[in-house]
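Okay, so here's the structure we're looking at.
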Amino acid sequence: TAEWMSHRKILDIGTGAGIPGLIIKFLCPETHVTLLDSSSKKISFLREVIEVLAIKNVDLLHGRAEHFAHENIHREEYDLVVSRGVAKLPELAELTLPFASVGGTVISVKGSNVSTEIEQSELAAAILGSAPALSRVVERPGGLSIDTLVYWLKIKPTPPIYPRRNGVPHSNPLSRDRNLAE
């Protein structure tokens, strides 16, 4: 709810055009939102949008989550971490959970068939400090496709070695189905 979100620190990983981060900012103006994307074109676009619309308390980060998650200013500093269409859940856990504060939440917008991904991400979530994932199916207005929101509640700190170096969470995700070596 908007009341809960008031004065929270929110990070949108792989923000693209600012969705869902800027939407959250519009709905809850008292939040502080940070938008992270590895594409300089997307960050330039967002910089222009923020300037033209005079949006306050929005920071832009150009780079990779694997890098910023190791900086003290970002590590375990966010009340809410959101993502949409970034990666499969085992990889996404490693890219998002290191940013969430203990007691914070990660919400990932996924498609309709995510039960296998949720199962595959159980090991990653546990290693990275999360309670088991919860999910909720959300129907879009107008009969459009169905989304599933996957929630992780951060219950303990993430070990300092995570996330691993750039590209490793993608090529070798923390999953019971994969070798965990780098």
Side-chain angles (χ1 to χ4, degrees), residues 5 7-22 24-25 31-44 46-47 50 57-110 117-118 120-134 149-176 178-182:
M5 299 282 282
H7 304 289
R8 301 288 177 159
K9 286 180 65 176
I10 298 168
L11 173 65
D12 180 357
I13 293 182
T15 189
I19 298 170
L22 283 180
I24 293 169
K25 180 65 178 172
T31 59
H32 186 104
V33 174
T34 301
L35 307 172
L36 168 63
D37 205 283
S38 62
S39 167
S40 60
K41 284 184 178 183
K42 292 174 184 174
I43 292 296
S44 294
L46 289 168
R47 185 171 287 114
I50 290 165
N57 291 319
V58 175
D59 292 327
L60 298 173
L61 296 176
H62 173 235
R64 296 186 58 102
E66 295 97 327
H67 166 77
F68 285 109
H70 287 286
E71 292 186 355
N72 289 338
I73 193 169
H74 299 292
R75 188 167 186 88
E76 298 186 332
E77 289 294 321
Y78 294 91
D79 303 299
L80 177 63
V81 179
V82 296
S83 67
R84 179 178 166 268
V86 173
K88 293 197 177 289
L89 290 174
E91 176 184 355
L92 199 53
E94 190 168 354
L95 298 177
T96 57
L97 283 163
F99 290 99
S101 60
V102 173
T105 304
V106 172
I107 301 175
S108 300
V109 180
K110 300 294 288 178
E117 273 189 60
I118 290 172
Q120 291 171 340
S121 72
E122 288 173 355
L123 176 64
I127 288 171
L128 298 164
S130 173
L134 301 173
L149 301 179
V150 177
Y151 300 82
W152 282 307
L153 175 63
K154 181 90 169 265
I155 57 173
K156 62 182 182 182
T158 298
I161 62 169
Y162 297 106
R164 296 166 292 166
R165 70 182 185 276
N166 288 353
V168 174
H170 176 73
S171 64
N172 191 14
L174 296 172
S175 171
R176 64 174 190 231
R178 297 288 304 258
N179 176 0
L180 299 181
E182 286 188 44

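Every heavy atom of this structure was used, including side-chain atoms; hydrogens, water molecules and symmetry mates were not.
When the salt bridge (Lys or Arg N to Asp or Glu O under 4.0 Å) test is applied to Glu91, no partner is found at least two apart in sequence or on another chain. Partners of Tyr162 according to the ring pair (Phe, Tyr, Trp, His ring centres under 6.0 Å) rule, which considers only residues two or more places apart in sequence or in another chain, do not exist here. Residues satisfying the side chain to side chain donor-acceptor pair (under 3.5 Å) test with Glu71, not counting sequence neighbours, are His67. Here Lys110 pairs with Glu117 under the salt bridge (Lys or Arg N to Asp or Glu O under 4.0 Å) rule; sequence neighbours left out. Here Lys25 pairs with nothing under the salt bridge (Lys or Arg N to Asp or Glu O under 4.0 Å) rule; sequence neighbours left out. For Arg64, the side-chain contact (heavy atoms from CB on, under 4.5 Å) partners two or more places apart in sequence, or in a different chain, are Ser38, Glu66, Asn166. In this structure Pro132 satisfies the side-chain contact (heavy atoms from CB on, under 4.5 Å) test with no other residue, sequence neighbours excluded. Residues passing the side-chain contact (heavy atoms from CB on, under 4.5 Å) test with Ser130, sequence neighbours excluded: Leu97, Ala125, Trp152. Scored by the side chain to side chain donor-acceptor pair (under 3.5 Å) test, His70 finds no partners at all (sequence neighbours excluded). Residues that satisfy the side-chain contact (heavy atoms from CB on, under 4.5 Å) test with Ala65, not counting sequence neighbours, are Ile13, Leu36, Leu95, Phe99.
Residues Pro159 and Arg75 approach most closely at O-NH2, 3.0 Å, considering heavy atoms. For the pair Val102 and Pro157, the tightest heavy-atom approach, listed with the atom from each and the gap, is CG2-N, 3.6 Å. Taking both residues in full, the closest heavy atoms of Thr31 and Ile24 are given as OG1-O, 4.4 Å, listed atom of the first, atom of the second, then distance. Here the closest non-hydrogen pair linking Pro90 and Ser121 is N-CB, 3.7 Å. Nearest heavy atoms, His32 versus Asp59: NE2-OD2, 2.7 Å. Between Ala124 and Leu174, the shortest heavy-atom distance links the atoms CB-O, 3.1 Å.
No side-chain heavy atom of Val106 sits under 4.5 Å from any side-chain heavy atom of Lys154. Contact of the Leu11 side chain with the His74 side chain is not registered, since no non-hydrogen atoms from C-beta on lie closer than 4.5 Å. Proximity of Leu89 to Ile118: side-chain heavy atoms (C-beta onward) are separated by under 4.5 Å at one or more points. In this structure, the side chains of Leu22 and Thr15 stay at 4.5 Å or more apart for every pair of heavy atoms.
Here side-chain hydrogen bond (donor to acceptor under 3.5 Å, both in side chains) pairs that include residues 80-89, with residues two or more places apart or in two chains, are Ser83-Ser108.
A distance of 9.0 Å separates CD1 in Ile127 from NZ in Lys156, rounded to the nearest 0.5 Å. Atom CG of Asp37 sits about 8.5 Å away from atom CG of Asp12, to the nearest 0.5 Å. Between the OG atom in Ser101 and the CZ atom in Arg8 there is a gap of 8.5 Å [rounded to 0.5 Å].
Of the listed residues (Leu149, Ile10, Val150), just one forms a side chain to side chain contact (heavy atoms under 4.5 Å, CB included) with Ile107, and that residue is Leu149.
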